[in-house]
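The block underneath contains the structure these notes are about, expressed in structure tokens.
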Amino acid sequence: MLEVVPDASAEVAGERASGSGVLVFSIAVFLVSLCVVMGLSSLLFGEVGLVVIVCSFAVAMLATMSAHIAQQWERVVVLRLGKFNRVSGPGLYWTIPIIEQNAMRVDTRIRSTTFGAEETLTSDLVPINVNAVLFWMVWDAKAACTEVGDFSRAVELAAQTALRDAIGRAGAAEVAIRREQLDRELKSTLEEKVALWGITILSVEVRDILLPEELQDVMSLEAQAEQRKKARIILMEAEQDISDMLDNISKTYDANDSALRLRAMHLLYESVRETGGTVVVPSSFSEGFGDVLPDTMKGTLGHK
């Protein structure tokens, strides 16, 4: 069979389809064609000679070279005398022996490619290491076959270049904090670059950003200082709210002495309610509640 074996870079490692079914089909086509030609020859000429056997083998070989099977996720680029003719598949398809050739089998499933940038300088001259993963797929088998030699390698190199350019335009802190923005920027840049190759970029995800240890310590101290600043601001705002509330309360108590005395009694009650303790106060303390307590309570409190 005059078939071009698929390049390993165009297939998904570890998930390659078994070729036993295609091999069995090719053998079946060969045997059926051989038997049919030899059977017709015996009917027409009455005997099977050496010439008939040779011709039968030749016809069977041509029939086997004409029949092909593409898997559900495969698209096959067919050339006729070196020029692009069509994209075949999935399923059974036929080619003209010798005149037409299978140039490439393209896997149209979603692929993942890991790439990274090591010791890349940011805009503030900080060397960082960034690792990312790219999800992409081939949507135009013709362009992937005729426009670029090794589209898998080309996509990986384009992703690395785009990542280095994006890091060089941003500061170290911006790269470390704004991952989603970096993902969108890389996706937009790669989509524009690989569209002519019949490839679409589904997503770009930054996995790890490794900063120098010295810079990590500095950024940690900066973050701690920022958190302390926020805590102090919140505490000052709370103190301001409390002072405003106390100011309002003092005005209320200043206008009403009975309310102030009742508040004192309430605080005294709250102090012993939870623990069940006893508060001992001088007898003169009861005189402060003379205007608000009933006569029966005055004697009791004064006695205690």
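These numbers come from a predicted model, not from an experiment.
- Considering all non-hydrogen atoms of both residues, A143 and G198 come closest at CB-N, 3.7 Å.
- Using a 3.5 Å distance cut-off with no hydrogens or angles, the side chains of H68 and S88 do not pair a donor with an acceptor.
- Two residues are said to be in side-chain contact when any heavy atoms from C-beta on lie closer than 4.5 Å; R111 and S152 meet this criterion.
- Rounding to the nearest 0.5 Å places OG1 of T161 at 11.0 Å from CG of L186.
- Proximity of a side-chain donor or acceptor of D140 to a complementary backbone N or O of I199 within less than 3.5 Å is not detected.
- Pairing each heavy atom of C145 with each of A103, the nearest pair is SG-CB, 4.2 Å.
- Under the 4.5 Å side-chain heavy-atom criterion for Ile, Leu, Val, Met, Phe, Trp and Tyr, L163 and V126 are members of the same hydrophobic cluster.
- Residues L31 and L23 share a hydrophobic cluster, clusters being chains of Ile/Leu/Val/Met/Phe/Trp/Tyr side chains in contact below 4.5 Å.
- By the criterion of side-chain heavy atoms lying less than 4.5 angstrom apart, applied directly or through intervening Ile, Leu, Val, Met, Phe, Trp or Tyr residues, V37 is not grouped with V29; the two fall into different hydrophobic clusters.
- Remark: E100 engages R86 in a salt bridge, criterion side-chain N to carboxylate O under 4.0 Å.
- In this structure, the side chains of M38 and F57 stay at 4.5 Å or more apart for every pair of heavy atoms.
- For R184, there are no salt bridge (charged side-chain N to carboxylate O under 4.0 Å, His left out) partners two or more places apart in sequence or in a different chain.
- We find the CZ-CD distance between R207 and E205 to be 10.0 Å, quoted to the nearest 0.5 Å.
- Between Q72 and P90, the closest side-chain pair of non-hydrogen atoms falls below 4.5 Å.
- With values rounded to the nearest 0.5 angstrom, M137 atom CE is found 6.5 Å from L202 atom CG.
- Looking at V138 and W197, their side chains never come closer than 4.5 Å, going by heavy atoms from C-beta outward.
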Just do the side-chain contact (heavy atoms from CB on, under 4.5 Å) check on M104 and R75 with the steps written out, would you? CA-CA 8 Å; M104 179 181 290; R75 301 296 182 270; over 6 Å; no
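- Note on E147 versus K142: no salt bridge recorded, every NZ/NE/NH1/NH2 to OD/OE distance being 4.0 Å or above.
- Residues D107 and R109 are paired through a salt bridge, judged by an N-O separation under 4.0 Å between the basic side chain and the carboxylate.
- Distance OG1/T64 to CD1/I27: 9.5 Å, rounded to 0.5 Å.
- For the atom pair CD1 (I167) and OG (S123), the distance works out to 11.0 Å, reported to the nearest 0.5 Å.
- Summarising the geometry of I128 relative to V175, their closest heavy-atom pair is CD1-CG1, 3.8 Å, with the distance given to 0.1 Å.
- Between R178 and L182 the shortest side-chain heavy-atom distance does not fall below 4.5 Å.
- Within the 3.5 Å criterion, the main-chain N or O of Q240 finds a donor-acceptor partner in the side chain of S243.
- There is no path of hydrophobic side-chain contacts, each under 4.5 Å, that joins F84 to V148.
- The shortest side-chain heavy-atom distance between E74 and T108 does not fall under the 4.5 Å cut-off.
- In terms of heavy-atom proximity, A117 sits nearest to T120 at CB-OG1, 3.3 Å.
- Nearest heavy atoms, A195 versus W139: O-CZ2, 4.0 Å.
- For the atom pair M236 CE and I234 CD1, the distance stands at 12.0 Å (nearest 0.5 Å).
- Judged by distance alone, with hydrogens and angles left aside, the side-chain atoms of N129 form a donor-acceptor pair with the main-chain N or O of E119 at under 3.5 Å.
- Side-chain atoms of T200 and W136 form no donor-acceptor pair, as typed in the model, at a separation below 3.5 Å.
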Under the side-chain contact (heavy atoms from CB on, under 4.5 Å) criterion, do V76 and V87 qualify, and how do the steps go? CA-CA 5 Å; V76 183; V87 176; over 6 Å; no
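- Around the CD atom of E180, the shell of radius 6.0 Å holds no more than 12 heavy atoms that belong to other residues, nucleotides or ligands.
- Counting heavy atoms from C-beta outward, N102 and V77 have side chains that stay 4.5 Å or more apart.
- Summarising the geometry of T114 relative to E156, their closest heavy-atom pair is O-OE2, 4.2 Å, with the distance given to 0.1 Å.
- Residues P127 and E118 are not in side-chain contact: their nearest non-hydrogen atoms beyond the backbone lie 4.5 Å or more apart.
- Hydrophobic clustering, with ILVMFWY side chains joined whenever heavy atoms are under 4.5 angstrom apart, groups L134 together with L196.
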Kindly indicate, with the supporting measurements, whether the criterion side-chain contact (heavy atoms from CB on, under 4.5 Å) is fulfilled by V204 and F115. CA-CA 10 Å; V204 181; F115 63 99; 4.1 Å; yes
